[in-house]
Participant: 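What follows is a structure written as structure tokens; I'll ask about it next.
A quick note: this is a predicted structure, and the numbers were derived from the prediction, not measured. Residue numbers start at 1 and run along the sequence shown.
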Amino acid sequence: MKTPKPDPMALALALAERAVGSTSPNPPVGAVLVRDGQVVGEGWTQPPGQAHAEVMALRRAGCRARGAVLYTTLEPCNHTGRTGPCSEAIIEAGVAEVHSAALDPNPCVKGGGHARLAEAGLVTSTGLKAPEAARLIEAYAKLVTTGTPFVTAKFAMSLDGKIASRSGSSRWITGEQARACAHRLRAASDAVMVGIGTVLADDPRLTARDERGAPLHRQPLRVVVDGQGRTPPDARLLSEPGPTLIAAGRAAPRVPADGVETVRMPASDGSVDLRALLSHLASRGAASVLVEGGGALLGSLFDLGLVDRVAAFLAPLIVGGSDAPTPVAGHGVGRIADALSLERVTVTPLGRDLSIVGYCAPRSR
């Protein structure tokens with residue numbers, strides 16, 4: 001029985017998955033070099049300032065790169081930033097063909113890499129497994145085209161839409177598989193954001209942890225939206241590994257200085273200007289923000305139209321109680337016809353729970 005030939009673009013996409021969450025403001029990219037039907041080099045984007053996927057694959061291939069075909073999930077760059085242009089490295093290595101799943105969405109560079117390769121005589125193409133590649137760079141695409149991060153609203157709730165009981169008890173609504181999935185979302189994000197209400201009620205750690213509960217080496221930026229300066233100096237998230245940012249309104253909280261940064265960006269009512277906060281996070285290179293609540297913060301973000309994706313975890317529990325909190329507060333809509341719709345929805349069983357992920361459809365004007 002013949003061994004099936006590897007799908008080089010599928011392999012490149014799998015390699016790109018390894019880089020998700022560690023490359024911002026650069027996109028996560030995977031690259032595969034094939035010569036005479038054999039994979040001779042593999043690579044994925046390294047952290048900022050280190051090798052891009054194509055260069056990593058070229059290094060692993062060595063002299064076998066000459067005459068090879070390169071499959072990459074994103075068009076090779078043709079500009080000098082923290083590293084040199086990948087297009088020139090590809091040309092110098094003697095690669096014969098370059099097939100990219102997608103062009104770079106950055107309007108300043110889109111098409112430039114392929115144009116340089118074609119100018120040097122290489123065969124180029126785009127479009128192979130483009131939808132899969134677009135999903136991998138959705139946060140990067142949002143950042144370079146709008147100047148704001150890609151925002152995911154995440155919450156876990158009971159079947160009757162409660163995130164806690166009327167007394168505030170919330171551990172645990174979902175099971176271990178759902179919580180493990182939530183930690184993977186954290187690990188893939190550049191920043192994790194909560195409101196001060198969540199800090200006061202739950203005292204969360206907000207760290208990305210492995211299956212044993214140990215913090216991962218790389219931690220997303222923890223962001224607390226605290227308009228009235230109420231963050232307790234002994235809050236657990238302040239002593240966890242990784243950086244913390246307190247976004248304050250008019251009143252700044254009294255917190256330890258080591259490892260904790262405070263920025264003031266008050267709105268007209270003294271609360272935190274969420275648009276300004278997201279722009280600030282983008283200026284720091286954060287392409288993806290995971291917002292974990294509470295209801296007031298999520299409600300404000302939905303009211304302002306700042307959410308791109310929803311990741312909801314639904315548990316088969318009935319909590320009840322008119323005073324029990326729900327995941328999204330804010331003003332909401334006056335008519336069901338005006339409710340925000342989700343598209344490209346996926347539903348995944350996670351033990352007894354369900355994961356429901358969907359993208360916010362554009363609102364009609």
Participant: Could you go through the salt bridge (Lys or Arg N to Asp or Glu O under 4.0 Å) check for Glu42 and Arg18 one step at a time?
Facilitator: CA-CA 12 Å; Glu42 300 177 356; Arg18 299 189 187 186; 5.4 Å; no
Participant: For Ile90 and Glu54, run side-chain contact (heavy atoms from CB on, under 4.5 Å): C-alpha distance rounded to whole Å, both residues' side-chain angles, the deciding distance at 0.1 Å, then the answer.
Facilitator: CA-CA 8 Å; Ile90 292 167; Glu54 300 91 334; 4.3 Å; yes
Participant: List the atom of Ile91, the atom of Ala120, and the distance in Å for their closest heavy-atom pair.
Facilitator: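 Of all heavy-atom pairs spanning Ile91 and Ala120, the closest is CD1-CB, 3.5 Å.
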Participant: Measuring from His114:NE2 to Glu75:CD, what's the distance to the nearest 0.5 Å?
Facilitator: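 His114 NE2 to Glu75 CD: 5.5 Å, rounded to 0.5 Å.
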Participant: So, do Gln228 and Ile196 sit near enough that their side-chain heavy atoms are less than 4.5 Å apart?
Facilitator: no
Participant: For the backbone of Pro204 and the side chain of Asp202, can you confirm whether one donor and one acceptor N or O come within less than 3.5 Å of each other?
Facilitator: no
Participant: Please report the shortest heavy-atom distance between Leu70 and Ala31, naming the atom on each side.
Facilitator: CD1-CB, 4.0 Å
Participant: Indicate yes or no: at least one non-hydrogen side-chain atom of Cys360 is less than 4.5 angstrom from one of Asp308.
Facilitator: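 Of all side-chain heavy-atom pairs linking Asp308 with Cys360, none is under 4.5 Å.
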Participant: Following the transitive rule for hydrophobic clusters with a side-chain heavy-atom cut-off under 4.5 Å over Ile, Leu, Val, Met, Phe, Trp and Tyr, establish whether Val307 and Val192 coincide in one cluster.
Facilitator: no
Participant: Once rounded to the nearest 0.5 Å, what's the spacing between atom CG of Leu33 and atom OG1 of Thr72?
Facilitator: 9.5 Å
Participant: Heavy atoms, side chains only, cut-off 4.5 Å: are Val109 and Asn78 in contact?
Facilitator: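 No, their side chains stay 4.5 Å or more apart.
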Participant: Does Arg166 CZ have over 12 foreign heavy atoms under 6.0 Å away?
Facilitator: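 Open.
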Participant: Could you check whether atom CD of Glu176 has more than 12 heavy atoms from other residues, nucleotides or ligands sitting under 6.0 Å from it?
Facilitator: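 No.
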Participant: Are Leu185 and Val310 in one and the same hydrophobic cluster, where Ile, Leu, Val, Met, Phe, Trp and Tyr link if side-chain heavy atoms are under 4.5 Å apart?
Facilitator: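 Different clusters.
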Participant: From the options Lys154, Arg179, Arg222, select the one residue that forms a salt bridge (charged side-chain N to carboxylate O under 4.0 Å, His left out) with Glu292.
Facilitator: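 It is Lys154, the one option of Lys154, Arg179, Arg222 that forms the salt bridge (charged side-chain N to carboxylate O under 4.0 Å, His left out) with Glu292.
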Participant: Rounded to the nearest 0.5 Å, how far apart are CG of Leu278 and CZ of Phe150?
Facilitator: 12.5 Å
Participant: Establish, from distance only, whether the side-chain atoms of Thr231 and Asp226 form a donor-acceptor pair under 3.5 Å.
Facilitator: yes
Participant: Within a radius of less than 6.0 Å around CD of Gln38, do more than 12 heavy atoms belonging to other residues, nucleotides or ligands occur?
Facilitator: no
Participant: Just so I know, are the side chains of Leu143 and Pro25 near enough to count as touching, which here means a heavy-atom distance under 4.5 Å?
Facilitator: yes
Participant: Rounded to the nearest 0.5 Å, what separation is found between the CG atom of Leu74 and the CG atom of Asn106?
Facilitator: 10.0 Å
Participant: Is Thr45 reaching over with its side chain to a backbone N or O of Val29, donor-acceptor style, under 3.5 angstrom?
Facilitator: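 Yes; judged by distance alone, with no hydrogens or angles, the pair exists.
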Participant: Search all heavy atoms of Pro325 against all heavy atoms of Ala164 and return the closest pair with its distance.
Facilitator: CD-O, 3.6 Å
Participant: Considering all heavy atoms of both residues, which atom of Leu317 and which atom of Ile173 are nearest to each other, and what is their separation?
Facilitator: CD1-O, 3.4 Å
Participant: How many angstroms lie between CG in Leu136 and CD in Glu132, if you round to the nearest 0.5 Å?
Facilitator: 9.0 Å
Participant: Any side-chain to backbone donor/acceptor pair from Arg218 onto Gly21? Under 3.5 Å, distance only.
Facilitator: yes
Participant: Given the rule that I, L, V, M, F, W and Y join up when any side-chain heavy atoms are under 4.5 Å apart, are Val39 and Leu128 in one cluster?
Facilitator: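 Yes; tracing contacts between hydrophobic side chains, which count when under 4.5 Å, links both residues.
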Participant: Strictly distance-based, threshold 3.5 Å: is any side-chain N or O of Lys162 a donor or acceptor partner for the main-chain N or O of Gly321?
Facilitator: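 Pair found, side chain donor or acceptor close to backbone of Gly321.
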Participant: Which heavy atom of Asn26 sits nearest to which heavy atom of Tyr140, and what is that distance?
Facilitator: C-CD1, 4.2 Å
Participant: Donor-acceptor pair, Asp160 side chain versus Ile318 backbone, under 3.5 Å?
Facilitator: no
Participant: Apply the test side-chain contact (heavy atoms from CB on, under 4.5 Å) to residues Glu211 and His183: give CA-CA distance (whole Å), side-chain angles for both, the deciding distance (0.1 Å), then the verdict.
Facilitator: CA-CA 9 Å; Glu211 63 277 1; His183 278 285; over 6 Å; no
Participant: Please lay out, stage by stage, how Leu245 and Leu281 fare under the test side-chain contact (heavy atoms from CB on, under 4.5 Å).
Facilitator: CA-CA 10 Å; Leu245 175 71; Leu281 294 176; 3.9 Å; yes
Participant: Strictly distance-based, threshold 3.5 Å: is any side-chain N or O of Ser100 a donor or acceptor partner for the main-chain N or O of Leu103?
Facilitator: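 Not at all, since once roles are kept as given, no pair shorter than 3.5 Å links the two residues.
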Participant: Any sub-3.5 Å donor-acceptor pair from Gln46's side-chain atoms to Trp44's backbone N or O?
Facilitator: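 Checked: pair present.
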Participant: Quick one: are Met157 and Leu314 in side-chain contact, heavy atoms under 4.5 Å?
Facilitator: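 Yes - at least one pair of side-chain heavy atoms lies under 4.5 Å apart.
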Participant: So that I can tick it off, tell me whether Arg135 and Glu138 are bridged by a salt bridge, with the cut-off set at under 4.0 angstrom between side-chain N and carboxylate O.
Facilitator: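 Looking at Glu138 and Arg135, the cut-off is not met.
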Participant: Kindly indicate whether the side chain of Thr148, heavy atoms from C-beta on, has any atom under 4.5 Å from the side chain of Ser279.
Facilitator: yes
Participant: Can you tell if the side chain of Val199 reaches within under 4.5 Å of the side chain of Pro232, non-hydrogen atoms only?
Facilitator: yes
Participant: Between Ser167 and Ser169, is any side-chain donor less than 3.5 angstrom from a side-chain acceptor?
Facilitator: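 No - no donor-acceptor pair under 3.5 Å links their side chains.
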Participant: Would you name the heavy atoms of Val95 and Ala68 that are closest together and state the gap between them?
Facilitator: CG1-O, 3.3 Å
Participant: Given the rule that I, L, V, M, F, W and Y join up when any side-chain heavy atoms are under 4.5 Å apart, are Leu206 and Leu277 in one cluster?
Facilitator: no
Participant: Is there a side-chain hydrogen bond (donor to acceptor under 3.5 Å, both in side chains) between Thr174 and Asp353? Walk through the geometry before answering.
Facilitator: CA-CA 7 Å; Thr174 53; Asp353 307 315; 4.7 Å; no
Participant: List the steps, then state whether side-chain contact (heavy atoms from CB on, under 4.5 Å) holds for Asp190 with Ser288.
Facilitator: CA-CA 5 Å; Asp190 297 319; Ser288 57; 3.3 Å; yes
Participant: Would you say Thr198's side chain and Gly294's backbone share a donor-acceptor pair under 3.5 angstrom?
Facilitator: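 It does hold such a pair.
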Participant: Once you round to the nearest 0.5 Å, how far does CZ of Arg275 lie from CG of Leu301?
Facilitator: 10.0 Å
Participant: Is the backbone N or O of Arg236 less than 3.5 Å from a side-chain atom of Asp203, with the two atoms forming a donor-acceptor pair by type?
Facilitator: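 Pair found, side chain donor or acceptor close to backbone of Arg236.
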Participant: Are the side chain of Gln219 and the backbone of Ala208 linked by a donor-acceptor contact shorter than 3.5 Å?
Facilitator: yes
Participant: Less than 4.5 Å apart, side chain to side chain, heavy atoms only: is that true for Leu297 and Leu274?
Facilitator: yes
Participant: Can you get from Phe155 to Val347 by hopping between Ile, Leu, Val, Met, Phe, Trp and Tyr side chains that sit under 4.5 Å apart?
Facilitator: yes
Participant: Only pairs at least two apart or in different chains count here, so list each side chain to side chain donor-acceptor pair (under 3.5 Å) that has a residue in residues 325-335.
Facilitator: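 Listed by first then second residue: Arg335-Asp338.
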